[in-house]
> 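Please read through the structure below; I'll follow up with questions.
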Amino acid sequence: MDNKNRLVGIIAIVSAIVLILILMRLEGAPTATVSSEAGQFSVENALRHVEKIANAPHPVGSENHLKNQEYIRENLGSLGIDPETQTVIAENTRFGMPFQAGYVTNISGTLKGNGNGEIILISAHYDSVSTGAGAADDAAAVGSILETLRILKSESSARNDIMVLFTDAEEKGMLGAKAFLNENPNLAKIKTVINLEARGTGGAALLFETSENNAELIRSYGRSVARPIASSFFNDIYKILPNDTDFTEFKLKGIDGLNTAFIENVNNYHTQADNPKNLDRNSVAHQGENLLAVVRELRNKNFDEASGGEVIYFDVFGMKLLSYPKGIVLPLMIVAVLLFVGAFYYANKTTGLNVKGFVGGFFLFLLFIIAELIFSFLLVKIITVFHRDYSAFSTGDVYDSGFYIFGVMLLVLALAVAFFGLLRTKINYENLLFGSLLLWLLISILTSLLLPGTSYIFTLTVIIILIAGFIGMLWVDKDVSKNRFSVFSLIGSFGGIILVGGILRHLIAGLGFGLIPVAVFFAALLIGLLIPALASFDRKLSLIGGGLLSVIGVVLIVSGLASVNYTAEKPRQTSLLRAYDADNKKSYWATEDINLNEWNKQLFDGNASDALLPQFFPQSQRYFLVKESAEQTELPAPSLEKISDETVSDVRNLRLKLTSPTKSPVITLAVESENEVVGFELDGKKLFQDTAVAGKQKNPWMTRLYAIPAKGSEIVLSVKPKENLKIRVITQDYGLPQSSEISINNRPADLVAAPMPFNDSTFVTKLFVF
């Protein structure tokens, strides 16, 4: 390296150190302290609630679910707050067929203020999935809310009411939240909702979603929370993902609010590994302390005087939350464009920048980005060839994925060092750098128009770099450094490192192994800002550096492949279900496992085959490995008895009594004939009233019912008469029946049920014709 480029190399090293420090700084949640002071959030108190609630799975309709209802009511009562119980029939048709419906029980309580009755609502769901104990999702939130309520109860009265809401059946389509919003008479008084969630068992509590009218809430959050981890980028990404929480229902009703969650150790999500033992107390403390802080901030707020509007926001090192109005997104983008044009013009006059080289630099950088994405995608595919059982991890992440993620990242960097280092004699710094900045600018324009919450990453980075470059060109003598724009823009790239590094850590944690190419895309963009540093090394040094990084990257990936050893602490996810066809009196075992394990291998010999199971999963295109059971023990079938049958105005109203001898918590009804369903009632409540869904229905018409009474329910199906009405009834009971074919109760400690709603369940199907 010659002397005139030595400064560039030094800055490159500093840049790498800054990025590493950012990633280390954002490692996990802040350490929780043991607090005995009055008014301080006690994570120990919150975890005691978690121990009680999450000692076993507690899905809707289970005995454990009923016990947790009573536990929550008792704890509200012990705080001197009258628990209010809402037990109603709710439905959610937003997702189409099958639409979800059933009995839900919401529990709420209110700490009265001394104002005009405006409400700050704190929300969490208290049900779990059937495959997991739900310590993080969402018992930790329930515990944090009860602990927050205990502290607020001991403090002097404030202006606004504090209502806590524990919703039912969030895991079954946000049914509890729908019921609360549809039938609460005080809905207009709710000014803010704060919802608590989790998608893993650890990590910092992220503010990952807000309402559109978020300006005042973001300012309040930034003022009150000691370590805010937040970004409107998360909010934009979450809108794209096919995920929902109770908060979605509040937003659809136009209620402003905040949604927080911790998302690390996602392998434990919705499995038995989501238990109190694996729950990170630091994560619970971070989420709980943030909740307490922001509620204290909002308790005395006069919402009638609060300013509205939407802001773009992001944290810096988790220490400061910055924001600016959404209204200046486009002006900032225009500033970035003008700065780029001005810098290009000036650099073209005073440096080695030229139009031909600039165009070449842009396409070279674009080629580099595409190559990195293809390279990382193929690497992920190759890794899954070695471990086909990774496909069972429904969240997309796998154990020790850090080996793969950082191994791939090092290989990406190695490719960059070699790629740009070898090009140093073909194209100069400015052409390469302006080419990469053009791509950043184009993404800035696109995100400003389509994803304004994400635009700050690109717009602010481009502005900072170009201003730094201008300073270099205007203030530094040309004789001192002919690469003065590149040197100063490299200093300005620290802004990009901070902005991208701030999200990269959480992208890696939240997306995991399956979406490594997404993290690689951001890392490759960041590399584009460091082109002057990468191109400052001579050919020999580039090859040596690239080779060394490649070796380390390969070693990490190989270490990840070799480290796969499923244990009780890192269990392998597996699937198994039992299905009984009551019409044909045949029993089946089914699994989605591509690689069978020793436990379920005994069930699937050479006679097993891949097949759909339409009689158990109508309309589904999900394939299972299916084997007819050697044991053909009859299982109790559901019953559908006709009470009345009337035809009025060309509509046939068939009243039926639906019962399950096993008191099944989940029952699916599917119409298999060509009769158009125009109405549906469950125990006198009219459902299926959403004309948008009703008008687009495709046979089979389906509904999935949850927690109907043990005595059964009356249903009314209203159809257009066309032929005999065929209704398939499918019951789902949690757990597998005892069998001589497999030791159900002795699943090895290194195996855990994969988080699928059908897993570890027994299905019985029967067709009825009327």
> Around K766, counting heavy atoms of other residues, nucleotides and ligands shown, do more than 12 lie under 6.0 Å from its NZ?
yes
> Walk me through whether S739 and W589 qualify under side-chain contact (heavy atoms from CB on, under 4.5 Å).
CA-CA 11 Å; S739 170; W589 293 105; 3.9 Å; yes
> Begin with the C-alpha distance, continue with both residues' side-chain angles, and end with the deciding distance and a verdict on side-chain contact (heavy atoms from CB on, under 4.5 Å) for F403 and S563.
CA-CA 9 Å; F403 283 115; S563 70; 4.1 Å; yes
> Going by atom types only, do S664 and D733 share a side-chain donor-acceptor pair under 3.5 Å?
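Side-chain D/A pair, S664 to D733: present.
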> Below 3.5 Å, can you tabulate the donor-acceptor pairs from side chains in residues 57-69 to any protein atom, sequence neighbours excluded?
from: H58; atom 1: ND1; to: I53; atom 2: O; distance (Å): 3.4
from: H58; atom 1: ND1; to: A56; atom 2: O; distance (Å): 3.0
from: H58; atom 1: NE2; to: Y126; atom 2: O; distance (Å): 3.4
from: S62; atom 1: OG; to: P59; atom 2: O; distance (Å): 2.7
from: S62; atom 1: OG; to: H65; atom 2: N; distance (Å): 3.2
from: N64; atom 1: ND2; to: P57; atom 2: O; distance (Å): 3.0
from: H65; atom 1: ND1; to: H58; atom 2: O; distance (Å): 3.4
from: H65; atom 1: NE2; to: D168; atom 2: OD1; distance (Å): 2.8
from: H65; atom 1: NE2; to: D168; atom 2: OD2; distance (Å): 3.4
from: N68; atom 1: ND2; to: I53; atom 2: O; distance (Å): 3.2
from: Q69; atom 1: NE2; to: Y126; atom 2: OH; distance (Å): 3.1

> Answer whether the closest heavy-atom distance between the side chains of R94 and M174 falls below 4.5 Å.
yes
> Supply the atom-to-atom distance F617 CZ to T668 OG1, rounded to the nearest 0.5 angstrom.
9.0 Å
> Between D583 and L767, what is the shortest heavy-atom contact and its length?
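Distance-wise, the nearest heavy atoms are OD2-N, 2.9 Å.
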> Using only heavy-atom distances, determine whether the side chains of S660 and T731 contain a donor-acceptor pair under 3.5 Å.
no
> Could you check whether any side-chain heavy atom of L196 comes within less than 4.5 Å of a side-chain heavy atom of S144, counting everything from C-beta outward?
yes
> Rounded to the nearest 0.5 Å, what's the gap from CD1 on I240 to CG on N235? Could you check?
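If I round to the nearest 0.5 Å, the distance is 10.5 Å.
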> Calculate, to the nearest 0.5 Å, the distance between atoms CE and CZ belonging to M97 and R704 respectively.
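With rounding to 0.5 Å, CE (M97) is 12.0 Å from CZ (R704).
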> Should E209 and K239 count as an ion pair when the cut-off is N to O under 4.0 Å?
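Here E209 does not pair with K239 in a salt bridge, since their nearest N and O are not under 4.0 Å apart.
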> From the options F624, F763, Y734, select the one residue that forms a ring-ring contact (aromatic ring centres under 6.0 Å, His included) with F758.
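Exactly one candidate clears the test, F624.
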> Taking only Lys NZ, Arg NE, NH1 and NH2, and the carboxylate oxygens of Asp or Glu, determine whether K178 and E91 approach each other closer than 4.0 Å.
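Result for this pair is no, no salt bridge flagged.
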> About how many Å separate NZ of K570 and CG of N267, when rounded to the nearest 0.5 Å?
9.0 Å
> Between Y399 (side chain only) and N565 (backbone N and O only), is there a donor and an acceptor less than 3.5 Å apart?
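No; judged by distance alone, with no hydrogens or angles, the pair does not exist.
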> Side-chain donor-acceptor pair under 3.5 Å between Q732 and S761, yes or no?
yes
> Could you walk me through whether L175 and Q100 satisfy the side-chain contact (heavy atoms from CB on, under 4.5 Å) test, starting with their C-alpha distance in whole Å, then the side-chain angles of each, then the deciding distance to 0.1 Å, before giving a yes or no?
CA-CA 8 Å; L175 293 179; Q100 318 293 313; 4.1 Å; yes
> Indicate yes or no for a side-chain donor-acceptor contact from T384 to the backbone of V380 under 3.5 Å, with no hydrogens or angles considered.
yes
> Could you tell me which non-hydrogen atom of I730 sits nearest to which non-hydrogen atom of P618, and how far apart they are?
CD1-CD, 3.6 Å
> Are N195 and N259 close enough that a side-chain donor and a side-chain acceptor fall under 3.5 Å?
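Distance-only check passes for N195 and N259.
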> Search all heavy atoms of Y580 against all heavy atoms of F616 and return the closest pair with its distance.
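Looks like O-CE2, 3.3 Å.
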> For a salt bridge (Lys or Arg N to Asp or Glu O under 4.0 Å) check, start with the C-alpha distance between D137 and R199, then their side-chain angles and the critical distance, and finish with the verdict.
CA-CA 7 Å; D137 182 24; R199 194 175 180 267; over 6 Å; no
> Just by distance, with hydrogens left out, do N268 and N265 show a side-chain donor and acceptor under 3.5 Å apart?
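No, because no side-chain N or O of N268 sits under 3.5 Å from a partner of the opposite role on N265.
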> Any side-chain heavy-atom pair from L658 and I667 closer than 4.5 angstrom?
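Yes, close enough: below the 4.5 Å cut-off.
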> Do L411 and I557 make a side-chain contact, defined as non-hydrogen atoms from C-beta onward lying under 4.5 Å apart?
yes
> Please determine whether side chain to side chain donor-acceptor pair (under 3.5 Å) holds for the pair N106 and T167, giving the CA-CA distance in whole Å, both sets of side-chain angles, and the decisive distance to 0.1 Å.
CA-CA 5 Å; N106 294 323; T167 63; 5.2 Å; no
> Are T131 and N759 close enough that a side-chain donor and a side-chain acceptor fall under 3.5 Å?
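T131 vs N759: no donor-acceptor pair found between side chains.
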> If I compare all heavy atoms of Y103 with all of A707, which pair ends up nearest, and what's the gap?
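Looking at all heavy atoms of both residues, the shortest contact is CB-O, 3.5 Å.
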> Regarding N600 and T574, is there a side-chain donor-to-acceptor distance under 3.5 Å anywhere?
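Note: N600 and T574 side chains meet the donor-acceptor criterion.
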> Tell me if a side-chain donor or acceptor on Q632 pairs with a main-chain N or O of S587 at a distance below 3.5 Å.
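Checking the backbone N and O of S587 against the side chain of Q632, a donor-acceptor pair under 3.5 Å is found.
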> Apply the test side-chain contact (heavy atoms from CB on, under 4.5 Å) to residues F250 and F180: give CA-CA distance (whole Å), side-chain angles for both, the deciding distance (0.1 Å), then the verdict.
CA-CA 10 Å; F250 288 103; F180 175 83; 4.2 Å; yes
> Looking only at side chains, do D750 and T567 share a donor and an acceptor under 3.5 Å apart?
no
> I'd like to know if K172 and D127 make a salt bridge, using a cut-off of under 4.0 Å between side-chain N and carboxylate O.
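D127 and K172: not salt-bridged.
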> Examine F99 together with F688 and report whether their ring centres are nearer than 6.0 Å.
yes
> Using only atom types and a distance under 3.5 Å, with no angle test, would you say the side chain of D274 pairs donor to acceptor with the backbone of A136?
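Yes, D274 side chain to A136 backbone: donor-acceptor pair under 3.5 Å.
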> Can you tell me if S376 uses its side chain to pair, donor with acceptor, with the backbone of E372 under 3.5 Å?
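Yes: the side chain of S376 pairs with the backbone of E372.
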> With a 3.5 Å cut-off and no angle check, do the side chains of Y566 and N597 form a donor-acceptor pair?
no
> Taking C-beta and beyond as the side chain, do V752 and R747 meet within less than 4.5 Å on heavy atoms?
no
> Using side chain to side chain donor-acceptor pair (under 3.5 Å), reason through D236 and T454 one step at a time and then give a plain yes or no.
CA-CA 7 Å; D236 275 356; T454 300; 3.1 Å; yes
> The test is ring pair (Phe, Tyr, Trp, His ring centres under 6.0 Å); show your working for F233 and F522 and say whether it passes.
CA-CA 13 Å; F233 166 78; F522 281 92; 5.7 Å; yes
> When rounded to the nearest 0.5 angstrom, what distance separates CZ in F680 from OG1 in T93?
13.0 Å
> Rounded to the nearest 0.5 Å, how far apart are CG of L596 and CD of Q602?
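Nearest 0.5 Å value for the CG-CD distance: 10.5 Å.
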> Could you work out, with side chain to side chain contact (heavy atoms under 4.5 Å, CB included) as the rule, every residue matching T659, not counting sequence neighbours?
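Side chain to side chain contact (heavy atoms under 4.5 Å, CB included) list for T659, sorted by chain: S639, K657.
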> Please give me the minimum heavy-atom distance between A135 and A54, naming the atom from each residue.
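In this case the closest contact between A135 and A54 is CA-CB, 3.5 Å.
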> Between D760 and S130, do the side chains contain an N or O donor and an N or O acceptor separated by less than 3.5 Å?
no
> Does the side chain of E676 come within less than 4.5 Å of V719's, by heavy atoms?
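A side-chain contact under 4.5 Å is absent here.
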> Do you know which two heavy atoms are closest between Q738 and E631, and how far apart they sit?
O-OE1, 4.4 Å
> Measure the shortest side-chain to side-chain distance between I727 and L725 over non-hydrogen atoms and say whether it is less than 4.5 angstrom.
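Yes. Closest side-chain heavy atoms under 4.5 Å.
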> For the residue pair T762 and R578, confirm or rule out a side-chain donor-acceptor distance under 3.5 Å.
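No - no donor-acceptor pair under 3.5 Å links their side chains.
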> Compare all side-chain heavy atoms of Y404 with those of V398 and state whether any distance is below 4.5 angstrom.
yes
